[in-house]
Amino acid sequence: MKAPVTQDVHTIPRKLPEGGKINLIGLTRDALREALIAIGTPEKQAKMRTNQLWQWLYHWGVRDFALMTNLAKDFRVTLAEHFVIELPEVVTRQVSEDGTRKYLVRIAGGHEVEVVYIPEDGRGTLCVSSQVGCTLTCSFCHTGTQKLVRNLTAGEIIGQVMLARDDLGEWPEKGAANDPTGRLLSNIVLMGMGEPLYNFENVRDAMKIAMDGEGIALGRRRITLSTSGVVPEIARTAQEIGCLLAVSFHATTDAVRDVLVPINKRWNIATLMDALREYPKVSNSERITFEYVMLHGVNDSDEDAHRLVALLQGVPAKVNLIPFNEWPGAPYTRSSNNRIRAFATILMEAGYASPIRTPRGEDIMAACGQLKSATERSRKSRAQIAAEAGL
Ligand code: SAH
Ligand code: SF4
(Lines give C-alpha, C1' and ligand atoms only; values in the text may rest on other atoms or scores of the structure.)
(Ligands and ions follow the chains in the order given, each with its own letter.)
Protein backbone atom coordinates (compact mmCIF):
# COMPACT_ATOMS: atom_id res chain seq x y z
CA MET A 1 0.00 0.00 0.00
CA LYS A 2 1.27 3.43 -0.93
CA ALA A 3 1.96 5.89 1.82
CA PRO A 4 -1.07 8.08 2.48
CA VAL A 5 -0.94 11.69 1.49
CA THR A 6 -0.76 13.53 4.77
CA GLN A 7 -1.08 17.24 4.99
CA ASP A 8 -0.72 19.17 8.16
CA VAL A 9 -2.66 22.36 7.87
CA HIS A 10 -1.35 24.51 10.64
CA THR A 11 -4.22 26.90 10.57
CA ILE A 12 -3.90 29.99 12.65
CA PRO A 13 -5.94 28.99 15.71
CA ARG A 14 -9.25 30.74 15.59
CA LYS A 15 -9.69 32.96 18.58
CA LEU A 16 -12.25 32.07 21.20
CA PRO A 17 -15.20 34.44 21.16
CA GLU A 18 -13.95 37.61 22.81
CA GLY A 19 -15.85 39.58 25.40
CA GLY A 20 -18.81 37.20 25.63
CA LYS A 21 -19.60 37.43 21.92
CA ILE A 22 -22.04 34.80 20.75
CA ASN A 23 -21.09 32.41 17.96
CA LEU A 24 -23.91 32.44 15.43
CA ILE A 25 -23.00 29.04 14.00
CA GLY A 26 -25.32 26.42 15.49
CA LEU A 27 -28.14 28.73 16.54
CA THR A 28 -31.55 27.59 15.34
CA ARG A 29 -33.58 30.07 13.31
CA ASP A 30 -35.59 30.91 16.44
CA ALA A 31 -32.48 31.41 18.56
CA LEU A 32 -30.92 33.56 15.85
CA ARG A 33 -34.04 35.71 15.73
CA GLU A 34 -33.98 36.12 19.51
CA ALA A 35 -30.31 37.04 19.42
CA LEU A 36 -31.03 39.74 16.84
CA ILE A 37 -33.87 41.16 18.91
CA ALA A 38 -31.62 41.14 21.98
CA ILE A 39 -29.16 43.48 20.20
CA GLY A 40 -31.92 45.90 19.31
CA THR A 41 -33.29 44.69 15.98
CA PRO A 42 -36.96 45.78 15.86
CA GLU A 43 -39.27 42.76 16.19
CA LYS A 44 -40.93 43.63 12.89
CA GLN A 45 -37.66 43.32 11.02
CA ALA A 46 -36.31 40.35 12.92
CA LYS A 47 -37.68 37.65 10.64
CA MET A 48 -36.30 39.24 7.50
CA ARG A 49 -32.90 39.89 9.08
CA THR A 50 -32.79 36.30 10.29
CA ASN A 51 -33.44 35.07 6.75
CA GLN A 52 -30.76 37.33 5.32
CA LEU A 53 -28.15 36.29 7.85
CA TRP A 54 -29.11 32.65 7.52
CA GLN A 55 -28.45 32.71 3.80
CA TRP A 56 -25.07 34.38 4.23
CA LEU A 57 -24.04 31.82 6.82
CA TYR A 58 -25.44 28.63 5.41
CA HIS A 59 -26.06 29.21 1.73
CA TRP A 60 -23.04 31.31 0.78
CA GLY A 61 -20.68 30.20 3.54
CA VAL A 62 -19.64 33.78 4.32
CA ARG A 63 -17.66 34.30 7.55
CA ASP A 64 -17.28 38.06 7.59
CA PHE A 65 -20.11 40.44 8.47
CA ALA A 66 -18.53 43.12 6.28
CA LEU A 67 -19.28 41.01 3.18
CA MET A 68 -23.01 40.79 3.88
CA THR A 69 -23.82 43.42 1.33
CA ASN A 70 -27.60 43.41 1.55
CA LEU A 71 -27.42 44.54 5.19
CA ALA A 72 -26.97 48.19 6.11
CA LYS A 73 -23.38 49.12 6.98
CA ASP A 74 -24.13 50.18 10.54
CA PHE A 75 -26.10 46.98 11.13
CA ARG A 76 -23.08 44.97 9.96
CA VAL A 77 -20.93 46.85 12.46
CA THR A 78 -23.44 46.13 15.25
CA LEU A 79 -23.43 42.46 14.32
CA ALA A 80 -19.65 42.32 14.51
CA GLU A 81 -19.73 43.98 17.92
CA HIS A 82 -21.94 41.26 19.39
CA PHE A 83 -21.38 38.13 17.37
CA VAL A 84 -18.73 35.92 15.83
CA ILE A 85 -18.93 33.31 13.05
CA GLU A 86 -16.68 30.45 14.08
CA LEU A 87 -16.04 26.87 13.04
CA PRO A 88 -13.96 24.25 14.82
CA GLU A 89 -10.30 24.40 13.85
CA VAL A 90 -8.85 21.83 11.44
CA VAL A 91 -5.60 20.56 12.96
CA THR A 92 -4.65 17.97 10.36
CA ARG A 93 -6.10 16.75 7.11
CA GLN A 94 -5.17 13.39 5.71
CA VAL A 95 -6.07 12.03 2.29
CA SER A 96 -6.19 8.28 1.75
CA GLU A 97 -5.09 6.68 -1.50
CA ASP A 98 -8.80 5.87 -2.08
CA GLY A 99 -9.69 9.57 -1.81
CA THR A 100 -11.15 9.38 1.71
CA ARG A 101 -10.30 12.51 3.69
CA LYS A 102 -9.97 12.59 7.43
CA TYR A 103 -9.90 15.79 9.41
CA LEU A 104 -8.70 16.02 12.97
CA VAL A 105 -10.66 18.89 14.38
CA ARG A 106 -10.05 20.85 17.55
CA ILE A 107 -12.99 22.22 19.50
CA ALA A 108 -13.16 24.58 22.46
CA GLY A 109 -11.27 23.29 25.48
CA GLY A 110 -8.61 21.72 23.26
CA HIS A 111 -10.59 18.50 22.70
CA GLU A 112 -10.31 16.73 19.39
CA VAL A 113 -12.72 14.80 17.23
CA GLU A 114 -12.46 13.25 13.81
CA VAL A 115 -14.53 13.82 10.70
CA VAL A 116 -14.30 11.59 7.64
CA TYR A 117 -15.27 12.43 4.06
CA ILE A 118 -15.91 9.45 1.81
CA PRO A 119 -16.17 10.19 -1.93
CA GLU A 120 -18.31 7.88 -4.01
CA ASP A 121 -19.39 7.92 -7.66
CA GLY A 122 -21.29 11.14 -8.21
CA ARG A 123 -21.76 11.81 -4.50
CA GLY A 124 -19.95 11.85 -1.20
CA THR A 125 -20.73 11.19 2.44
CA LEU A 126 -19.47 13.03 5.48
CA CYS A 127 -19.19 10.99 8.67
CA VAL A 128 -19.76 13.40 11.53
CA SER A 129 -18.95 13.05 15.24
CA SER A 130 -21.46 13.96 17.95
CA GLN A 131 -19.40 13.49 21.13
CA VAL A 132 -15.77 13.46 22.21
CA GLY A 133 -15.43 9.74 22.99
CA CYS A 134 -18.49 7.76 24.07
CA THR A 135 -20.04 6.79 27.40
CA LEU A 136 -21.10 3.43 26.05
CA THR A 137 -18.68 0.55 26.02
CA CYS A 138 -19.38 -1.66 23.02
CA SER A 139 -16.71 -4.31 23.31
CA PHE A 140 -15.61 -4.22 19.64
CA CYS A 141 -15.42 -0.43 19.29
CA HIS A 142 -12.29 1.55 20.01
CA THR A 143 -14.15 4.80 20.56
CA GLY A 144 -15.94 3.02 23.40
CA THR A 145 -12.69 2.60 25.31
CA GLN A 146 -12.18 6.36 25.38
CA LYS A 147 -13.73 8.20 28.26
CA LEU A 148 -16.36 10.69 27.20
CA VAL A 149 -15.01 14.16 27.55
CA ARG A 150 -18.07 16.05 26.44
CA ASN A 151 -21.00 16.46 24.10
CA LEU A 152 -20.41 18.58 21.04
CA THR A 153 -22.47 21.75 20.66
CA ALA A 154 -24.81 22.17 17.68
CA GLY A 155 -22.29 24.64 16.24
CA GLU A 156 -19.48 22.12 16.53
CA ILE A 157 -21.60 19.49 14.77
CA ILE A 158 -22.79 21.64 11.85
CA GLY A 159 -19.32 23.21 11.84
CA GLN A 160 -17.91 19.83 10.74
CA VAL A 161 -20.14 19.95 7.66
CA MET A 162 -19.13 23.54 6.95
CA LEU A 163 -15.40 22.97 7.25
CA ALA A 164 -15.65 19.99 4.93
CA ARG A 165 -17.49 22.16 2.39
CA ASP A 166 -14.71 24.74 2.79
CA ASP A 167 -12.10 22.08 2.05
CA LEU A 168 -14.06 20.72 -0.93
CA GLY A 169 -14.59 24.26 -2.26
CA GLU A 170 -18.29 23.64 -2.40
CA TRP A 171 -20.07 26.85 -1.41
CA PRO A 172 -22.26 27.91 -4.33
CA GLU A 173 -21.30 30.53 -6.85
CA LYS A 174 -23.65 33.46 -7.25
CA GLY A 175 -26.77 32.45 -9.10
CA ALA A 176 -26.22 28.70 -8.72
CA ALA A 177 -29.25 26.56 -7.92
CA ASN A 178 -29.40 25.22 -4.39
CA ASP A 179 -29.77 21.60 -5.45
CA PRO A 180 -27.77 18.96 -3.59
CA THR A 181 -27.78 16.55 -6.55
CA GLY A 182 -24.27 15.93 -7.77
CA ARG A 183 -22.58 17.69 -4.88
CA LEU A 184 -19.28 16.37 -3.60
CA LEU A 185 -20.77 16.42 -0.09
CA SER A 186 -24.26 15.09 -0.75
CA ASN A 187 -24.96 13.00 2.35
CA ILE A 188 -24.31 13.08 6.08
CA VAL A 189 -24.01 10.10 8.40
CA LEU A 190 -23.89 10.52 12.16
CA MET A 191 -21.53 7.60 12.50
CA GLY A 192 -18.39 9.21 13.84
CA MET A 193 -17.39 9.33 17.46
CA GLY A 194 -20.13 9.22 20.06
CA GLU A 195 -23.74 8.16 20.53
CA PRO A 196 -25.85 10.84 18.80
CA LEU A 197 -28.97 10.03 20.80
CA TYR A 198 -27.14 10.83 24.05
CA ASN A 199 -26.67 14.34 22.67
CA PHE A 200 -30.13 14.65 21.18
CA GLU A 201 -30.86 18.39 21.22
CA ASN A 202 -27.53 19.46 19.77
CA VAL A 203 -27.68 16.79 17.06
CA ARG A 204 -31.27 17.77 16.23
CA ASP A 205 -30.49 21.48 16.01
CA ALA A 206 -27.44 20.86 13.83
CA MET A 207 -29.33 18.56 11.49
CA LYS A 208 -32.18 21.07 11.21
CA ILE A 209 -29.61 23.56 9.99
CA ALA A 210 -28.21 21.03 7.50
CA MET A 211 -31.71 20.30 6.17
CA ASP A 212 -32.91 23.91 5.90
CA GLY A 213 -33.77 24.62 2.26
CA GLU A 214 -32.37 28.16 2.41
CA GLY A 215 -28.96 26.94 3.45
CA ILE A 216 -27.03 23.71 3.14
CA ALA A 217 -30.28 22.08 1.98
CA LEU A 218 -29.40 18.43 2.47
CA GLY A 219 -32.87 16.91 2.75
CA ARG A 220 -33.79 14.55 5.55
CA ARG A 221 -33.31 11.50 3.34
CA ARG A 222 -29.69 12.46 2.82
CA ILE A 223 -28.97 12.22 6.53
CA THR A 224 -28.58 8.96 8.44
CA LEU A 225 -28.34 8.85 12.20
CA SER A 226 -26.78 5.73 13.69
CA THR A 227 -27.66 4.66 17.22
CA SER A 228 -26.64 1.76 19.38
CA GLY A 229 -30.27 1.55 20.49
CA VAL A 230 -31.26 4.38 22.83
CA VAL A 231 -34.89 3.33 22.64
CA PRO A 232 -36.68 6.35 24.22
CA GLU A 233 -34.95 8.73 21.84
CA ILE A 234 -35.81 6.74 18.70
CA ALA A 235 -39.42 7.98 18.60
CA ARG A 236 -38.17 11.52 19.21
CA THR A 237 -35.77 11.19 16.31
CA ALA A 238 -38.67 10.25 14.05
CA GLN A 239 -40.76 13.18 15.25
CA GLU A 240 -38.18 15.91 15.65
CA ILE A 241 -35.53 15.12 13.02
CA GLY A 242 -37.17 12.71 10.56
CA CYS A 243 -33.89 11.58 9.03
CA LEU A 244 -33.01 8.02 8.05
CA LEU A 245 -32.11 5.68 10.88
CA ALA A 246 -29.36 3.10 11.22
CA VAL A 247 -29.03 0.85 14.21
CA SER A 248 -25.90 -0.87 15.45
CA PHE A 249 -27.49 -4.28 15.79
CA HIS A 250 -24.55 -6.69 15.68
CA ALA A 251 -26.14 -9.72 17.41
CA THR A 252 -29.25 -11.86 17.24
CA THR A 253 -29.55 -13.03 20.84
CA ASP A 254 -29.71 -10.94 23.98
CA ALA A 255 -26.89 -12.99 25.51
CA VAL A 256 -24.46 -11.98 22.73
CA ARG A 257 -25.80 -8.44 22.28
CA ASP A 258 -25.46 -7.81 26.03
CA VAL A 259 -21.72 -8.30 25.59
CA LEU A 260 -21.20 -6.56 22.23
CA VAL A 261 -23.57 -3.62 22.74
CA PRO A 262 -24.07 -3.37 26.52
CA ILE A 263 -26.90 -0.84 26.22
CA ASN A 264 -28.86 -4.00 25.32
CA LYS A 265 -29.04 -4.78 29.03
CA ARG A 266 -31.16 -1.66 29.42
CA TRP A 267 -33.24 -2.03 26.23
CA ASN A 268 -33.15 -5.55 24.88
CA ILE A 269 -33.67 -6.77 21.33
CA ALA A 270 -37.45 -7.13 21.66
CA THR A 271 -37.85 -3.60 23.06
CA LEU A 272 -35.55 -2.20 20.39
CA MET A 273 -37.46 -3.98 17.61
CA ASP A 274 -40.75 -2.50 18.88
CA ALA A 275 -39.29 1.01 18.63
CA LEU A 276 -37.85 0.29 15.18
CA ARG A 277 -41.16 -1.02 13.84
CA GLU A 278 -42.74 2.35 14.66
CA TYR A 279 -39.95 4.45 13.17
CA PRO A 280 -40.80 4.37 9.45
CA LYS A 281 -44.46 5.16 10.13
CA VAL A 282 -43.74 8.18 12.28
CA SER A 283 -40.87 9.59 10.23
CA ASN A 284 -42.45 8.62 6.91
CA SER A 285 -39.07 7.29 5.84
CA GLU A 286 -37.97 4.20 4.07
CA ARG A 287 -35.87 1.33 5.24
CA ILE A 288 -33.93 1.17 8.45
CA THR A 289 -30.31 0.15 8.08
CA PHE A 290 -29.18 -2.62 10.39
CA GLU A 291 -25.44 -2.43 10.90
CA TYR A 292 -23.87 -5.75 11.63
CA VAL A 293 -20.17 -6.06 12.36
CA MET A 294 -18.78 -9.44 11.36
CA LEU A 295 -16.80 -10.95 14.24
CA HIS A 296 -15.15 -14.31 13.72
CA GLY A 297 -16.92 -17.04 15.71
CA VAL A 298 -19.02 -14.58 17.73
CA ASN A 299 -22.02 -13.49 15.65
CA ASP A 300 -21.34 -14.78 12.14
CA SER A 301 -22.90 -18.27 11.95
CA ASP A 302 -25.64 -19.42 9.56
CA GLU A 303 -27.91 -19.68 12.61
CA ASP A 304 -27.27 -15.99 13.33
CA ALA A 305 -28.20 -15.10 9.76
CA HIS A 306 -31.46 -17.07 10.01
CA ARG A 307 -32.27 -15.52 13.39
CA LEU A 308 -31.63 -12.08 11.94
CA VAL A 309 -34.04 -12.77 9.08
CA ALA A 310 -36.70 -13.83 11.60
CA LEU A 311 -36.16 -10.68 13.70
CA LEU A 312 -36.42 -8.40 10.68
CA GLN A 313 -39.88 -9.64 9.72
CA GLY A 314 -42.25 -6.74 9.40
CA VAL A 315 -39.54 -4.09 9.39
CA PRO A 316 -38.50 -2.43 6.12
CA ALA A 317 -34.80 -3.11 6.46
CA LYS A 318 -31.48 -3.37 4.77
CA VAL A 319 -28.45 -4.91 6.42
CA ASN A 320 -24.98 -3.40 6.18
CA LEU A 321 -22.40 -6.07 6.87
CA ILE A 322 -19.27 -4.42 8.24
CA PRO A 323 -16.09 -6.52 8.25
CA PHE A 324 -14.60 -5.90 11.69
CA ASN A 325 -11.86 -3.28 11.61
CA GLU A 326 -9.17 -4.39 13.98
CA TRP A 327 -7.45 -2.12 16.44
CA PRO A 328 -4.53 -2.75 18.81
CA GLY A 329 -5.67 -4.96 21.68
CA ALA A 330 -9.11 -5.67 20.21
CA PRO A 331 -10.64 -8.85 21.66
CA TYR A 332 -12.04 -9.98 18.27
CA THR A 333 -10.94 -10.82 14.77
CA ARG A 334 -12.66 -10.27 11.43
CA SER A 335 -14.80 -13.06 9.92
CA SER A 336 -13.37 -14.61 6.75
CA ASN A 337 -14.59 -13.32 3.40
CA ASN A 338 -16.23 -16.68 2.69
CA ARG A 339 -18.11 -16.53 5.99
CA ILE A 340 -19.28 -12.98 5.32
CA ARG A 341 -20.45 -13.96 1.82
CA ALA A 342 -22.33 -17.02 3.17
CA PHE A 343 -24.03 -14.82 5.77
CA ALA A 344 -24.96 -12.25 3.11
CA THR A 345 -26.38 -14.95 0.86
CA ILE A 346 -28.82 -16.13 3.52
CA LEU A 347 -30.04 -12.56 4.00
CA MET A 348 -30.33 -11.94 0.27
CA GLU A 349 -32.25 -15.14 -0.30
CA ALA A 350 -34.71 -13.93 2.34
CA GLY A 351 -35.15 -10.73 0.32
CA TYR A 352 -32.94 -8.32 2.27
CA ALA A 353 -30.40 -6.14 0.54
CA SER A 354 -27.20 -6.81 2.45
CA PRO A 355 -24.19 -5.06 1.00
CA ILE A 356 -20.80 -5.89 2.48
CA ARG A 357 -19.24 -2.58 3.36
CA THR A 358 -15.77 -2.09 1.92
CA PRO A 359 -13.59 -0.44 4.53
CA ARG A 360 -12.61 3.02 3.32
CA GLY A 361 -9.59 5.03 4.27
CA GLU A 362 -7.93 2.16 6.16
CA ASP A 363 -4.47 3.52 5.39
CA ILE A 364 -5.30 6.66 7.36
CA MET A 365 -7.22 4.79 10.10
CA ALA A 366 -10.49 6.35 9.04
CA ALA A 367 -12.58 3.16 8.90
CA CYS A 368 -15.55 2.45 11.22
CA GLY A 369 -14.53 2.03 14.81
CA GLN A 370 -10.94 3.16 14.24
CA LEU A 371 -11.41 6.79 15.05
CA LYS A 372 -10.05 6.76 18.52
CA SER A 373 -6.92 4.87 17.61
CA ALA A 374 -6.24 7.38 14.87
CA THR A 375 -6.26 10.25 17.32
CA GLU A 376 -4.13 8.39 19.78
CA ARG A 377 -1.67 7.49 17.11
CA SER A 378 -1.31 11.00 15.94
CA ARG A 379 -0.92 12.11 19.53
CA LYS A 380 1.75 9.53 20.04
CA SER A 381 3.55 10.47 16.89
CA ARG A 382 3.46 14.12 17.85
CA ALA A 383 4.89 13.16 21.24
CA GLN A 384 7.52 11.07 19.50
CA ILE A 385 8.41 13.92 17.19
CA ALA A 386 8.80 16.20 20.17
CA ALA A 387 10.99 13.62 21.95
CA GLU A 388 13.16 13.12 18.88
CA ALA A 389 13.57 16.83 18.48
CA GLY A 390 14.66 17.00 22.11
CA LEU A 391 11.79 19.28 23.02
N1 SAH B 1 -22.56 5.33 18.50
C2 SAH B 1 -23.32 5.18 17.32
C3 SAH B 1 -22.68 5.88 16.16
C4 SAH B 1 -21.34 5.33 15.74
S5 SAH B 1 -21.59 4.56 14.23
C6 SAH B 1 -23.56 3.73 17.04
O7 SAH B 1 -22.93 2.90 17.68
O8 SAH B 1 -24.40 3.43 16.21
C9 SAH B 1 -20.18 3.64 14.00
C10 SAH B 1 -20.53 2.26 13.47
O11 SAH B 1 -19.30 1.52 13.36
C12 SAH B 1 -21.42 1.50 14.44
O13 SAH B 1 -22.32 0.67 13.77
C14 SAH B 1 -20.40 0.68 15.18
O15 SAH B 1 -21.03 -0.41 15.76
C16 SAH B 1 -19.43 0.32 14.09
N17 SAH B 1 -18.11 -0.07 14.61
C18 SAH B 1 -17.55 0.30 15.77
N19 SAH B 1 -16.33 -0.28 15.91
C20 SAH B 1 -16.14 -1.00 14.78
C21 SAH B 1 -15.04 -1.79 14.33
N22 SAH B 1 -13.94 -1.94 15.05
N23 SAH B 1 -15.17 -2.38 13.12
C24 SAH B 1 -16.28 -2.20 12.38
N25 SAH B 1 -17.32 -1.46 12.75
C26 SAH B 1 -17.27 -0.87 13.95
FE1 SF4 C 1 -20.25 4.28 21.40
FE2 SF4 C 1 -21.27 3.53 19.02
FE3 SF4 C 1 -18.78 2.79 19.75
FE4 SF4 C 1 -20.89 1.70 20.96
S5 SF4 C 1 -20.33 1.49 18.77
S6 SF4 C 1 -19.03 2.48 21.98
S7 SF4 C 1 -22.32 3.43 21.02
S8 SF4 C 1 -19.47 4.88 19.37
Side-chain angles (χ1 to χ4, degrees), residues 102 113-116 118 125-152 157 160 187-200 203 207 223-231 233-234 237 243-251 256-267 272 275-276 279 288-296 298-300 318-335 340 355-362 365-376:
K102 188 175 71 177
V113 292
E114 286 168 329
V115 191
V116 179
I118 307 142
T125 300
L126 192 72
C127 181
V128 168
S129 290
S130 56
Q131 298 181 308
V132 179
C134 188
T135 48
L136 301 172
T137 51
C138 302
S139 52
F140 56 91
C141 173
H142 209 193
T143 307
T145 65
Q146 181 180 334
K147 244 176 71 190
L148 171 74
V149 183
R150 72 166 167 86
N151 280 338
L152 299 194
I157 297 169
Q160 296 171 51
N187 294 73
I188 297 173
V189 293
L190 284 148
M191 295 189 184
M193 296 164 71
E195 168 50 61
L197 295 190
Y198 274 161
N199 186 14
F200 185 86
V203 166
M207 292 306 108
I223 298 174
T224 304
L225 182 150
S226 175
T227 180
S228 58
V230 186
V231 164
E233 305 293 339
I234 289 177
T237 306
C243 59
L244 301 181
L245 189 71
V247 60
S248 294
F249 208 64
H250 305 320
V256 176
R257 198 163 189 271
D258 280 352
V259 176
L260 297 182
V261 189
I263 201 175
N264 195 69
K265 290 186 227 161
R266 184 111 181 250
W267 295 290
L272 176 59
L276 296 179
Y279 191 87
I288 292 175
T289 302
F290 285 72
E291 296 163 281
Y292 199 95
V293 64
M294 297 299 290
L295 304 171
H296 170 71
V298 175
N299 63 356
D300 62 351
K318 84 171 198 194
V319 182
N320 249 343
L321 297 176
I322 317 174
F324 175 59
N325 293 311
E326 295 181 11
W327 38 272
Y332 305 106
T333 53
R334 182 185 286 189
S335 309
I340 299 177
I356 300 167
R357 209 191 274 172
T358 324
R360 299 287 304 263
E362 276 187 306
M365 292 290 280
C368 302
Q370 292 186 315
L371 293 189
K372 178 205 175 185
S373 42
T375 307
E376 290 213 326

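As the structure lists them, so they are numbered: ligands from 1, and atoms in each ligand from 1.
Residue C141 approaches ligand 1 through these ligand atoms, each under 4.0 Å from one of its heavy atoms: 18 (C), 19 (N). Atoms of ligand 1 lying under 4.0 Å from at least one heavy atom of T227, given by number and element, are 6 (C), 8 (O). Applying the 4.0 Å criterion to heavy atoms of I322 picks out, from ligand 1, the atoms 24 (C), 25 (N). Counting atoms of ligand 1 from 1 in the listed order, those under 4.0 Å from a heavy atom of F324 are 21 (C), 22 (N), 23 (N). With ligand atoms numbered from 1 in the order given, ligand 1 contributes 13 (O), 14 (C), 15 (O) to contacts under 4.0 Å with heavy atoms of H250. Applying the 4.0 Å criterion to heavy atoms of W327 picks out, from ligand 1, the atoms 22 (N). Distances below 4.0 Å separate heavy atoms of E291 from the following atoms of ligand 1: 10 (C), 12 (C), 13 (O).
Atom 3 (Fe) of ligand 2 has C141 SG as protein N, O or S atoms under 2.8 Å away.
Residues satisfying the side-chain hydrogen bond (donor to acceptor under 3.5 Å, both in side chains) criterion with S226, sequence neighbours excluded, are E291. With sequence neighbours excluded, no residue forms a side-chain hydrogen bond (donor to acceptor under 3.5 Å, both in side chains) with T224. Applying the side-chain hydrogen bond (donor to acceptor under 3.5 Å, both in side chains) criterion to D300, with sequence neighbours excluded, gives S335.
If you take CE on M191 and OG on S129, they are separated by 12.5 Å, rounding to the nearest 0.5 Å. Put simply, CD1 on I118 and CG on N187 are 10.0 Å apart, with the number rounded to the nearest 0.5 Å. Atom CD of Q160 sits about 7.0 Å away from atom CG of L126, to the nearest 0.5 Å.
A salt bridge is absent between E326 and R334: the closest approach of a Lys/Arg side-chain nitrogen to an acidic carboxylate oxygen does not fall below 4.0 angstrom.
Taking both residues in full, the closest heavy atoms of R266 and Y198 are given as NH1-OH, 4.2 Å, listed atom of the first, atom of the second, then distance. Closest heavy-atom contact between A330 and F324: CB-CZ, 3.8 Å. The shortest non-hydrogen separation linking S130 to N199 is O-ND2, 3.0 Å. For the pair T237 and C243, the tightest heavy-atom approach, listed with the atom from each and the gap, is CG2-SG, 4.2 Å.
Of the listed residues (S248, G192, P196), the one carrying the non-hydrogen atom nearest atom 4 (C) of ligand 1 is G192.
Heavy atoms of E326 come nearer than 4.0 angstrom to ligand 1 in no pair at all. At a 4.0 Å cut-off, not a single heavy atom of A330 sits close enough to ligand 1 to count as contact.
In this structure, atom 2 (Fe) of ligand 2 is not in close contact with the protein, since no protein heavy atom lies within 4.0 Å of it.
Ligand 1 has no N or O atom lying under 3.5 Å from any N or O atom of H142, backbone or side chain. The shortest N or O to N or O distance between V293 and ligand 1 is not under 3.5 Å.
Just one residue in the list I234, T227, V230 forms a side-chain contact (heavy atoms from CB on, under 4.5 Å) with L272, and that residue is I234.
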